[in-house]
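Atoms within a ligand are numbered from 1 in the order they appear, just like the ligands themselves. All values below come from the heavy atoms of this structure, side chains included, with hydrogens, waters and symmetry mates left out.
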Amino acid sequence: MAEADAPRLSLSGITRIYDGVPAVSDLTLDVGRGEIVCLLGPSGCGKSTTLRIAAGVEHQTSGSVAVDGHVVSDARRHAPPEARSVGLMFQDFALFPHLTARDNVAFGLRGGRDKGKTADEYLRRVGLKGYGDKFPHQLSGGEQQRVALARALAPKPKVMLMDEPFSGLDERLRDEVRDEALSILKEEGAGVLLVTHDPDEAMRMSDRIALMRDSRIVQIGAPYHLYNKPVDRAAAAFFSDLNVIHGVVNSRQTDTPFGLFLTPGLVDEADVEIIVRPQHLKIDLDAGVPPPASARTGAPARGVVERARFMGNESLIEVRMDHDASILRATVPEAFLPEKGTPLWLSLRRDRCFVFPCARQSKVETPWAAE
Ligand code: ADP
Ligand code: MG
């Protein structure tokens with residue numbers, strides 16, 4: 001592959017075993033030019049280990065790492081971090097306390113007299129124009145982090161590896177520093193691999209999200225794809241609260257109080273779960289008769305308001321269903337606060353429902369979204 005077409009970073013079949021237990025299992029992932037890919041998953045699923053292997057500070061048990069199409073690590077060779085053209089940013093970045101901001105940024109740069117100029121330029125780009133002569137102890141936490149960012153950016157790495165680098169900052173500062181960092185990296189055509197356990201951060205920052213669980217990537221795709229076509233219930237649950245409606249397959253379909261769902265891949269009497277996010281329930285006030293069923297929202301089912309809460313951007317309404325006394329949660333993007341006991345009808349946005357076999361009893365691995 002020509003260098004210009006090669007992904008910035010390629011991880012191929014990476015496995016890392018610690019004391020007989022895999023921390024990363026057969027992980028394959030490319031990060032393109034100017035692309036931001038996020039490793040997202042719960043604590044302990046193998047995100048940091050993956051990043052450290054890409055950086056070269058950790059050695060994989062098997063698999064290979066390539067930067068711009070050149071293998072930097074496999075069974076035969078292992079280039080050290082400084083020979084990989086990768087930049088690193090971790091949460092506990094450390095500046096040299098005895099060096100000025102300018103000298104901290106210039107530290108890793110080649111090129112004699114121009115080093116200071118380049119350092120000043122990167123300090124300017126991260127919003128620290130005129131801070132070059134200050135020492136770390138004269139800077140706030142956020143400013144120090146910006147210096148660390150400038151230091152990571154200044155050598156123009158082909159790949160930037162970031163492990164929850166913004167989590168030490170307060171929210172407003174975090175958004176600012178993060179947006180700035182990623183836009184500079186995109187502009188320079190670097191590939192960015194960013195680790196986070198925060199789904200909102202992943203959604204907001206990434207071109208693609210690689211969702212990890214138990215040392216593996218379970219799903220990879222654009223944020224929209226992961227949100228709207230989750231591979232299983234746990235993947236769906238990572239991004240929002242869920243409602244679960246249980247059903248049993250009969251003749252390749254599953255009947256529920258909300259209408260029939262097609263479940264062609266499952267045998268009779270298999271238990272299924274119909275999953276729907278709270279914003280994809282439709283609410284109709286009870287006018288004595290059920291609202292009409294439609295292809296888009298199926299059949300309505302009746303319940304009464306258990307509790308309604310105003311959340312600022314939306315209202316959350318908990319409804320106790322007549323058919324089984326279960327609680328379903330619906331959100332609406334406005335102030336809607338019906339009294340407890342108010343009867344109403346709920347229906348489901350069919351195109352936003354996911355139907356999965358119950359994990360306990362089925363080994364079927366390819367679920368489908370109900371369309
Ligand atoms: P994450 O960053 O997703 O929280 P890590 O990659 O840090 O997860 O860790 C994945 C798993 O590997 C964890 O179970 C962790 O305990 C284990 N692990 C990580 N580093 C080491 C190590 N140096 N020695 C032994 N086990 C490790
Ligand atoms: Mg980690």
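For the residues Ser215, Gly44, Pro42, the heavy atom positioned nearest atom 4 (O) of ligand 1 is part of Gly44. For atom 9 (O) of ligand 1, the candidate residues are Leu40, Asp163, Thr49, Asp19; the nearest heavy-atom contact is made by Thr49.
Protein heavy atoms are absent from the space less than 4.0 angstrom from atom 16 (O) of ligand 1. Within 4.0 Å of atom 22 (C) of ligand 1, at least one protein heavy atom is present.
Residue contact check: Ser43 has heavy atoms under 4.0 Å from atoms 4 (O) of ligand 1. Close contacts of ligand 1 with Arg52, meaning ligand atoms under 4.0 Å from a residue heavy atom, involve 20 (N).
Ligand 1 has no nitrogen or oxygen under 3.5 angstrom from a nitrogen or oxygen of Thr50. Between Lys47 and ligand 1, at least one pair of N/O atoms sits closer than 3.5 Å. Close N/O approach between Ser48 and ligand 1 is found [any backbone or side-chain N/O within under 3.5 Å]. For ligand 1, the polar-atom distance check against Gly46 finds a nitrogen or oxygen pair separated by under 3.5 Å.
At a threshold of 4.5 Å between non-hydrogen side-chain atoms, the residues Phe261 and Leu348 count as touching. For the pair Leu153/Val126, a side-chain contact is recorded, criterion being any heavy-atom separation below 4.5 Å from C-beta on.
Between Gln60 atom CD and Ser73 atom OG the span is 3.5 Å, to the nearest 0.5 Å.
Taking backbone and side-chain atoms together, Ser48 has an N/O/S atom less than 2.8 Å away from the Mg ion (ligand 2).
Between the side chains of His280 and Arg349, no donor-acceptor pair is found at a separation under 3.5 Å.
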